[in-house]
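Before any comments, here is the structure.
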2 protein chains.
Amino acid sequence: MATLSDVARRAGVSPATASRVINGSSKPVTDELRERVLAAVAELQYVPNAHAQLLARSHRSAVGVIVHDVSDPYFAEITRGLQRVATDQGRLLMICNSYRDPDRELEYVELLRGHQVAALILAGSGYHDEAFTRQLNEKLAAYEATGGRVAVIGRHEHSGDAVMPDNRAGGHLAGRELCELGHRAIGVVAGPRILTTTTDRLAGLRQALAEQGRELPEHRIRYAEFDRDGGAEATARLLDADPGLTAIVALNDSMAIGALATLRARSLAVPRQVSVVGFDDMPIARDVTPALTTVRLPLVDMGVRAMSLVLGAEAPAPRVEVLSAELIRRDTSGPAPAQRREATTSAPRARRADAAS
Amino acid sequence: MATLSDVARRAGVSPATASRVINGSSKPVTDELRERVLAAVAELQYVPNAHAQLLARSHRSAVGVIVHDVSDPYFAEITRGLQRVATDQGRLLMICNSYRDPDRELEYVELLRGHQVAALILAGSGYHDEAFTRQLNEKLAAYEATGGRVAVIGRHEHSGDAVMPDNRAGGHLAGRELCELGHRAIGVVAGPRILTTTTDRLAGLRQALAEQGRELPEHRIRYAEFDRDGGAEATARLLDADPGLTAIVALNDSMAIGALATLRARSLAVPRQVSVVGFDDMPIARDVTPALTTVRLPLVDMGVRAMSLVLGAEAPAPRVEVLSAELIRRDTSGPAPAQRREATTSAPRARRADAAS
DNA sequence: TCCCTGCGGGAAAGGGCTTTCTCTGCGGTA
DNA sequence: TACCGCAGAGAAAGCCCTTTCCCGCAGGGA
């Protein structure tokens with residue numbers, strides 16, 4: 001690899017001058033020397049060693065991002081928002097997938113810190129895990145102590161600024177909608193219970209039911225992976241245990257798609273026999289058939305805000321921005337079938353007649 | 001930020017010793033000193049400066065990857081394959097999204113070279129653009145000349161090893177299937193014509209029709225962006241121009257999903273009135289309704305192979321691995337409706353009666 | 001007893017770049 | 001003419017690590 005001094009030698013100038021030409025320094029250089037340097041760069045196909053540069057100018061310009069998985073639409077959208085702002089400001093993003101592994105999350109914080117990022121953004125649910133939360137907080141605090149900026153998206157329990165989708169309100173929206181449609185036997189296809197996102201959404205849902213004097217018994221909840229297959233499987237378990245269900249809330253859209261797959265496999269008509277409500281409003285939600293009723297979160301905006309917070313002026317105290325959820329009515333939700341309402345027992349098909357309550 | 005010498009000073013040892021402890025060097029260090037160093041590291045929350053490390057050990061270990069967009073399922077799957085191999089070998093991946101902007105692609109090659117990556121992988125279609133292709137090739141050659149390894153996925157026109165999905169055979173598969181189902185009025189929803197992927201797939205399709213003595217007239221092809229909205233829009237244009245179409249081939253699954261949306265909006269039954277065949281077999285293909293008939297490409301495997309090539313032994317000459325495509329029959333394809341076959345003119349609805357040929 | 005060996009540790013030389021500081025030579029003012 | 005100031009170029013001091021080379025010392029063989 002050609003180095004700067006190779007270029008300088010070839011151009012017959014000092015490395016200092018070469019550097020100035022290459023970086024468009026404010027220090028003036030005569031046109032003749034400039035030309036010579038540029039020519040040498042072209043001839044040698046010179047590319048500056050980024051590590052050496054980064055080391056020399058102790059600049060911190062890149063921003064580190066830790067997400068569950070960029071190719072998961074939820075995070076893809078958030079990342080889009082992050083990128084938009086970062087690009088505007090000429091910042092490079094270093095994106096890391098934690099695949100929801102707490103240890104990996106911790107490692108990535110170190111890694112990114114080691115890479116001298118100017119700021120750190122963690123997106124994705126927090127964990128109900130005291131020890132881990134404390135550890136992560138220590139690391140983040142240490143990073144902030146050295147001038148690093150931190151923002152989290154969708155997790156409240158950490159130091160630094162936070163952008164929070166209103167998961168609880170979203171859960172409430174879904175619950176209220178189904179209640180108003182007359183559903184009483186509502187099952188929930190939930191993500192891992194260790195995630196705060198799961199419990200927050202569940203809490204909102206529970207509250208909506210409570211307002212109608214109902215409750216959400218634990219046996220009507222199935223926890224599984226937060227993805228399509230998890231949703232399919234949880235739905236199957238739910239239906240096996242309680243065939244009288246008239247509605248299913250999936251705690252994210254991927255799971256909802258899995259739920260629809262299971263319902264289709266069992267020839268249950270959506271929404272005539274069973275309604276389905278998702279969560280997140282990922283782009284694909286409108287393209288499944290029937291189009292998915294879901295709770296929309298302003299994902300791109302969440303990314304934009306987080307990045308703005310972290311690149312903007314420092315605040316005396318951590319800021320929290322809550323972004324609200326919105327119900328998007330499409331075609332997977334409809335009135336509860338009269339004859340199926342509140343099929344309280346759980347024997348096979350037969351008992352769909354007893355309209356309870 | 002604490003530095004290595006801070007740690008060393010605090011532990012009362014030399015930086016050399018501190019470094020050895022921290023990196024688990026082969027050189028032995030007495031337990032007592034080791035303890036002291038480790039304690040100092042913990043107290044100072046020391047994290048080595050990655051740039052300094054990378055500069056000091058001139059090790060090239062990371063691998064650069066340039067894709068269109070990681071959150072596009074096509075590339076997400078490929079990336080999964082790349083990751084798998086890279087992780088196994090303890091390599092870090094630097095992933096860059098070019099968003100199909102040739103200039104950005106060129107920039108990223110430089111950027112990654114500047115970051116001293118051990119290898120470079122470019123995934124995604126090539127361009128029909130001589131000037132660009134030449135430029136990129138020069139850059140890649142310069143990189144290879146300094147010991148860098150290069151592999152491309154899905155583009156043939158560059159130096160370095162190549163992993164090629166058999167786009168042409170895939171197009172042929174789709175075309176033959178539709179011919180066998182009796183379709184004669186076949187429209188194509190294509191990606192940008194500047195992409196070699198588009199033209200390769202189209203060529204295969206054309207060949208399949210030619211084998212049946214048919215041809216694919218240019219007016220039955222609509223070029224648009226390689227995404228859902230592009231597919232929806234192209235389908236609309238296609239249908240406007242030629243309402244007698246009984247089948248649509250979309251040149252990737254995202255476009256196929258857009259096509260399904262347009263068909264649904266126009267109340268055209270799939271596959272009864274119109275068949276649809278996609279391309280790629282992204283995960284979502286099985287979850288749309290009707291489930292998408294498509295041409296499967298071994299995306300993950302493509303990633304695995306490319307990374308293996310690039311991290312494996314160097315070959316005297318560039319290698320090319322061609323991976324074959326496979327037709328996946330699902331529910332969007334069916335026999336051509338008898339009365340709609342080969343509606344050759346293009347006036348409005350009325351002429352669906354003339355069953356030609 | 002002397003020399004050699006080997007081990008644990010430190011000094012110091014990079015690695016490639018940026019940037020401050022220094023130096024030279026020129027034009028302009030007193 | 002003598003001096004000042006400044007523009008343009010280079011020398012050199014870092015930036016933070018890794019790693020080679022070297023040194024001192026203790027133990028073992030002759």
Side-chain angles (χ1 to χ4, degrees), chain A residues 1-38 40-41 44-62 110-118 146-147, chain B residues 1-38 40-41 44-62 110-118 146-147:
Chain A
M1 283 282 284
T3 72
L4 184 65
S5 29
D6 294 336
V7 171
R9 199 171 318 121
R10 176 148 198 152
V13 300
S14 73
T17 302
S19 169
R20 290 197 264 261
V21 170
I22 291 169
N23 298 301
S25 147
S26 58
K27 202 142 201 225
V29 175
T30 35
D31 283 351
E32 199 215 318
L33 294 196
R34 156 167 289 109
E35 300 272 296
R36 295 221 305 261
V37 170
L38 259 20
V41 166
L44 296 175
Q45 294 257 31
Y46 170 71
V47 178
N49 182 320
H51 301 304
Q53 282 189 315
L54 260 16
L55 184 59
R57 44 167 168 250
S58 29
H59 217 165
R60 340 206 151 201
S61 142
E110 303 255 291
L111 182 97
L112 290 169
R113 220 184 122 193
H115 277 267
Q116 314 298 107
V117 294
T146 63
Chain B
M1 283 281 285
T3 71
L4 184 66
S5 29
D6 293 337
V7 171
R9 198 170 318 121
R10 176 151 198 148
V13 301
S14 72
T17 303
S19 170
R20 290 198 263 261
V21 171
I22 290 169
N23 298 300
S25 147
S26 59
K27 205 152 199 212
V29 174
T30 39
D31 283 351
E32 198 214 321
L33 293 196
R34 156 168 287 108
E35 300 271 297
R36 295 222 305 262
V37 170
L38 260 19
V41 166
L44 297 174
Q45 293 257 32
Y46 169 73
V47 178
N49 181 321
H51 301 303
Q53 283 189 313
L54 260 15
L55 184 60
R57 44 168 167 249
S58 30
H59 217 164
R60 336 206 151 196
S61 142
E110 302 255 292
L111 182 99
L112 291 169
R113 219 184 121 191
H115 277 267
Q116 313 298 107
V117 294
T146 64

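Here is the naming used below: chain letters follow the sequence lines, and residue numbers restart at 1 for every chain. Given the structure is predicted, the values throughout are model-derived calculations rather than measurements. Values reported hereafter were calculated over all heavy atoms of this structure, with side chains retained and with hydrogens, waters and symmetry mates removed.
- Residue Tyr46(B) places at least one side-chain N or O closer than 4.0 Å to OP1 or OP2 of dC17(D).
- Sorted by first and then second residue, the pairs that involve residues 24-35 of chain A and meet side-chain hydrogen bond (donor to acceptor under 3.5 Å, both in side chains), not counting sequence neighbours, are Glu32(A)-Arg36(A).
- At whole-Å resolution of the value, CG in Leu54(A) and C1' in dG15(C) are 15 Å apart.
- With dG16(C), dT19(D), dG8(C) as the candidates, the nucleotide lying closest to the side chain of Leu55(B) is dG16(C).
- Under the rule for a side-chain contact (heavy atoms from CB on, under 4.5 Å), the partners of Gln53(A) that lie at least two apart in sequence or sit in another chain are Asn23(A), Pro48(A), Arg57(A).
- For Thr146(B), there are no side chain to side chain donor-acceptor pair (under 3.5 Å) partners two or more places apart in sequence or in a different chain.
- For Arg57(B), taking side-chain heavy atoms from C-beta onward, the closest of the listed nucleotides dT18(C), dC16(D), dT19(D) is dT19(D).
- Across all strands shown, Leu33(B) has heavy atoms under 4.0 Å from sugar-phosphate atoms exclusively, and none from any base.
- In terms of modelled atom types and a separation under 3.5 Å, the side chain of His115(B) and the main chain of His51(A) share no donor-acceptor contact.
- For Arg10(A), the salt bridge (charged side-chain N to carboxylate O under 4.0 Å, His left out) partners two or more places apart in sequence, or in a different chain, are Glu43(A).
- The CG-P distance, from Asp31(A) to dA7(D), rounds to 16 Å in whole Å.
- Minimum atom distance to the side chain of Ala56(B) is reached by dC17(D), of the listed dG16(C), dG8(C), dC17(D).
- Between the CD atom of Gln53(B) and the P atom of dG16(C) there is a distance of 17 Å, rounded to whole Å.
- Less than 4.0 Å separates DNA chain C from at least one heavy atom of each of the following residues of residues 8-23 of chain B: Val13(B), Ser14(B), Ala16(B), Thr17(B), Arg20(B).
- Straight-line distance from the CD atom of Gln116(B) to the P atom of dC17(C): 8 Å, rounded to whole Å.
- At whole-Å resolution of the value, CG in Asp6(A) and P in dG15(C) are 12 Å apart.
- With sequence neighbours excluded, the residues satisfying side chain to side chain donor-acceptor pair (under 3.5 Å) with Ser14(B) are Thr17(B).
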